[in-house]
2 protein chains.
Amino acid sequence: MSIKPTAEILGEQKVASLPINREAMALVSNLHRASSLIRQHFEALVLSTNGLHWSAFVTLWCLWIFGELPTHRLSQEVGIAKSSLSSILNDLEKRGFLVRRTPPEERRQCLVQLTAKGEQLLSDIFPRFNEEEAAILVGLTPSAMAVTTNLLRDLIAKLDEE
Amino acid sequence: MSIKPTAEILGEQKVASLPINREAMALVSNLHRASSLIRQHFEALVLSTNGLHWSAFVTLWCLWIFGELPTHRLSQEVGIAKSSLSSILNDLEKRGFLVRRTPPEERRQCLVQLTAKGEQLLSDIFPRFNEEEAAILVGLTPSAMAVTTNLLRDLIAKLDEE
DNA sequence: ACAGTACTGTTCGTTCTCGAATGATCCACC
DNA sequence: GGTGGATCATTCGAGAACGAACAGTACTGT
């Protein structure tokens with residue numbers, strides 16, 4: 001059983017007289033809090049060892065999954081501004097994990113791809129990363145996880161199309 | 001029905017041969033993405049008008065709900081580092097939304113409380129904020145929301161106690 | 001051909017956030 | 001009653017992320 005934290009309970013009292021959607025409030029509040037804690041958790045336990053922060057890791061992960069990508073696609077997939085991606089790529093390229101190239105047929109674009117060193121890095125890190133993912137979710141029922149994942153997907157789709 | 005984005009499908013292929021927990025991967029990935037989009041959404045639509053960013057709003061909200069709080073409690077509730085809170089309080093105090101005071105019996109501490117102006121601000125903003133919360137969640141079933149909220153609460157409790 | 005428009009990725013300046021170091025206060029103990 | 005260690009909040013410097021402005025490239029219509 002989940003126990004509501006004090007803030008939620010007091011919040012319900014405070015807004016009792018207002019036309020407030022409490023379920024929405026609780027969901028949004030917990031969503032952001034969980035995300036922030038997870039990020040800190042992974043950066044401290046798994047990523048910092050390799051000198052990566054969250055967005056840099058996700059960038060590498062996307063390239064690992066998708067193969068070569070143009071930067072504007074990549075920034076969408078990672079979920080960060082293209083300007084943020086640009087400096088991340090500068091760093092990761094300097095460290096030899098990926099390469100940028102300009103396709104001759106479209107010289108505005110910039111295609112990004114992992115190097116062998118980058119592939120190697122992800123083959124090493126990802127199992128460790130996923131192990132930790134599984135660890136923090138242990139004890140949660142598969143059906144609750146499925147419901148949550150689907151709800152988040154719907155939410156992302158709705159917010160993304162704006 | 002939720003449709004899996006391409007990255008998830010490709011990801012499943014990539015890791016098919018590894019001992020990977022795919023449900024955990026999908027959940028963590030979507031969780032962070034949704035949180036980030038929600039934050040941007042609210043900052044752009046509701047908070048920026050009042051010159052607030054997410055953490056500043058949550059800070060005010062906590063004080064609204066709890067009443068006067070010591071800063072170390074407040075930083076826990078908001079979920080940010082105490083140094084981050086300190087600069088947020090500097091700003092909000094300068095703008096007259098809250099006051100700090102030192103209790104005579106414990107002069108190391110610092111208690112924070114909303115001013116009348118701060119109370120007024122939240123009474124204005126919060127209904128608008130919650131309205132938008134409800135709007136982005138429209139179409140989701142109450143039971144799915146309840147399951148998600150509980151799962152997130154459990155997750156937060158586990159990560160918090162470390 | 002050429003001008004205008006649209007699109008690409010990068011750089012720049014600003015803001016948010018954190019951890020480490022700092023300064024102030026309290027308490028336990030000799 | 002003074003001293004050392006613990007605890008509190010703040011300041012400081014560095015890193016991460018963003019939007020706006022920029023420079024280069026491609027396409028469109030005349």
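Chain A is the first sequence line, chain B the second, and so forth, proteins listed ahead of strands; every chain is numbered from 1.
For the segment residues 47-55 of chain A, the set of residues with a heavy atom within less than 4.0 Å of an atom of DNA chain D comprises A/H53, A/S55, in numerical order. For the segment residues 81-89 of chain A, residues with any heavy atom less than 4.0 angstrom from an atom of DNA chain C are, sorted by number, A/K82, A/S83, A/S86.
For the pair A/R101 and C/dG9, the criterion of a side-chain N or O lying under 4.0 Å from OP1 or OP2 is not met. Residue B/N90 has no polar side-chain atom (N or O) positioned under 4.0 Å from OP1 or OP2 of D/dA9.
Side-chain proximity of A/P70 to the nucleotides D/dA16, D/dC18, C/dG9 is greatest for C/dG9.
A side chain to side chain donor-acceptor pair (under 3.5 Å) check over residues 90-102 of chain A, counting only residues at least two apart or in different chains, returns the pairs A/E68-A/R101, A/N90-A/R100, A/D91-A/R95, A/E93-A/R100.
One side chain, A/R153 or A/N150, offers a donor N or O that lies under 3.5 Å from an acceptor on the other.
Residues passing the side chain to side chain donor-acceptor pair (under 3.5 Å) test with B/N50: none are found, sequence neighbours excluded. Annotation: side chain to side chain contact (heavy atoms under 4.5 Å, CB included) contacts of A/L122 (sequence neighbours excluded): A/L60, A/W61, A/W64.
Remark: aromatic rings of A/F129 and A/F57 are close, center separation under 6.0 Å.
To the nearest 0.5 Å, the span separating NE2 on A/H32 from CG on B/L31 amounts to 10.5 Å.
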Taking only N/O atoms, report every protein-nucleotides 24-26 of chain C pair under 3.5 Å with atom names and distance.
from, atom 1, to, atom 2, distance (Å)
C/dT25, OP1, B/R107, NH2, 3.1
C/dC26, OP1, B/R107, N, 2.8

